[in-house]
Amino acid sequence: MNSWLVKTEPELFSFADLLAAPEQTASWDGVRNYQARNYLKAMALGDRVLIYHSSCKVPGVAGVATVVRTHYADPTQFEPASRYFDPQSTVAKPRWVAVDLRAACSLPRLVALSELRAEPALLEPRLLQRGSRLSVMPLRASEYQAIVALADRPQEG
DNA sequence: GCCAACGTTGGC
DNA sequence: GCCAACGTTGGC
């Protein structure tokens, strides 16, 4: 089983929205970056996915989900009205993929980016580097465990 | 709102 | 194929 981290802007779609969705499941669509897409393609059933809130007051990891459907053509790429519409994508040759994620558990609390940064021994620099725009990234099992452990610990300060 | 970092585009 | 310009991301 592999572990991943995906970013979302909570104003658009938050972990709470995932919890509130039918079957607590949602299509993780709208990814328009080739490297991120390739990681979506690499996701397997049952993989663990940390949901990260970006571009918000307190950026950080908000929850855990699991992959319940592996990659398929992202339907939004074919919808002209969608903000994710890609005119160069065709049904015969789709460019972009989505996966389905189901909320696995709610973390005891949000693990803020500042806390992640304070754990240099646990996190590779590639995670959440300033300027990193990668919206889907793999996590080492140790990184996943470290983040979940932080959530189980009372917030310091 | 600012700005650094990054990906993409397009001229050559 | 290079690389400058541009647009977007995302923390602060």
Side-chain angles (χ1 to χ4, degrees), chain A residues 2-21 26-43 47-65 67 71-101 103 106-140 142-151 153-157:
Chain A
N2 290 312
S3 304
W4 309 88
L5 181 144
V6 298
K7 296 183 189 176
T8 182
E9 296 184 31
E11 286 189 15
L12 296 178
F13 191 86
S14 68
F15 184 71
D17 292 327
L18 184 61
L19 286 172
S27 174
W28 209 262
D29 55 25
V31 172
R32 295 294 181 269
N33 168 282
Y34 286 105
Q35 191 179 357
R37 179 202 66 181
N38 292 342
Y39 285 137
L40 284 181
K41 286 185 174 181
M43 288 183 180
D47 278 2
R48 306 174 295 200
V49 183
L50 294 180
I51 308 296
Y52 177 89
H53 286 175
S54 67
S55 296
C56 56
K57 196 167 185 180
V58 184
V61 175
V64 186
V67 177
H71 71 91
Y72 54 94
D74 178 348
T76 64
Q77 69 194 308
F78 309 125
E79 299 167 4
S82 169
R83 64 183 296 210
Y84 302 119
F85 177 62
D86 182 347
Q88 304 197 61
S89 208
T90 64
V91 175
K93 281 189 80 175
R95 272 186 169 181
W96 309 110
V97 302
V99 298
D100 284 359
L101 298 183
S106 182
L107 291 175
R109 62 182 184 82
L110 184 129
V111 181
L113 174 60
S114 56
E115 296 177 71
L116 301 180
R117 289 234 167 95
E119 293 282 347
L122 302 178
L123 300 169
E124 287 291 304
R126 72 201 156 101
L127 177 65
L128 305 175
Q129 281 167 341
R130 179 159 170 72
S132 169
R133 297 170 54 183
L134 193 57
S135 60
V136 181
M137 68 186 77
L139 293 177
R140 298 172 199 279
S142 60
E143 292 169 338
Y144 173 89
Q145 293 296 344
I147 295 169
V148 172
L150 279 173
R153 201 182 304 164
Q155 186 152 24
E156 294 175 26

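Per chain, numbering begins at 1; letters A, B, ... match sequence-line order. On a predicted model such as this, the values are computed, not experimentally measured, just so you know.
The side chain of A:Lys7 places no N or O atom within less than 4.0 Å of a non-bridging phosphate oxygen (OP1 or OP2) of C:dT9. Under 4.0 angstrom from either OP1 or OP2 of C:dT8 there lies no side-chain N or O belonging to A:Arg83.
Rounded to whole Å, the distance from CD on A:Glu9 to P on C:dG10 is 7 Å. Residue A:Leu134 contributes atom CG, which lies 16 Å from atom C1' of C:dG11 at whole-angstrom precision. In this structure, CZ of A:Arg37 is placed 11 Å from P of B:dT8, rounded to the nearest angstrom. Atom pair A:Arg95:CZ and B:dT8:C1' shows a separation of 11 Å (rounding to whole Å applied). Rounded to whole Å, atom P of C:dG11 lies 8 Å from atom CZ of A:Arg117.
Looking at heavy atoms from C-beta onward, A:Leu101 lies in side-chain contact with A:Val67 at the 4.5 angstrom threshold.
Distance CG/A:Asp74 to OG/A:Ser89: 8.5 Å, rounded to 0.5 Å. In this structure, A:Asn38 CG and A:Asn33 CG are separated by 8.5 Å, a value rounded to the nearest 0.5 Å.
Ion pair A:Glu115/A:Arg153 not flagged as a salt bridge, since none of the NZ, NE, NH1 or NH2 atoms sits closer than 4.0 Å to an Asp/Glu carboxylate oxygen.
Within the 3.5 Å criterion, the main-chain N or O of A:Gln88 finds no donor-acceptor partner in the side chain of A:Arg95. Judged by distance alone, the side chain of A:His71 and the main-chain N or O of A:Arg37 form no donor-acceptor pair under 3.5 Å. Proximity of a side-chain donor or acceptor of A:Arg109 to a complementary backbone N or O of A:Leu150 within less than 3.5 Å is detected.
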Identify each atom pair where a protein N or O and an N or O of nucleotides 5-7 of chain C are less than 3.5 Å apart, giving names and distance.
residue	atom	partner	partner atom	Å
C:dG7	N2	A:Arg133	NH1	2.5

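Residues from residues 48-56 of chain A that place a heavy atom under 4.0 Å from any atom of DNA chain C, listed by number: A:Tyr52, A:Ser54, A:Ser55.
Note: A:Tyr72 and A:Trp96 fail the aromatic proximity criterion, with ring centroids not under 6.0 Å apart.
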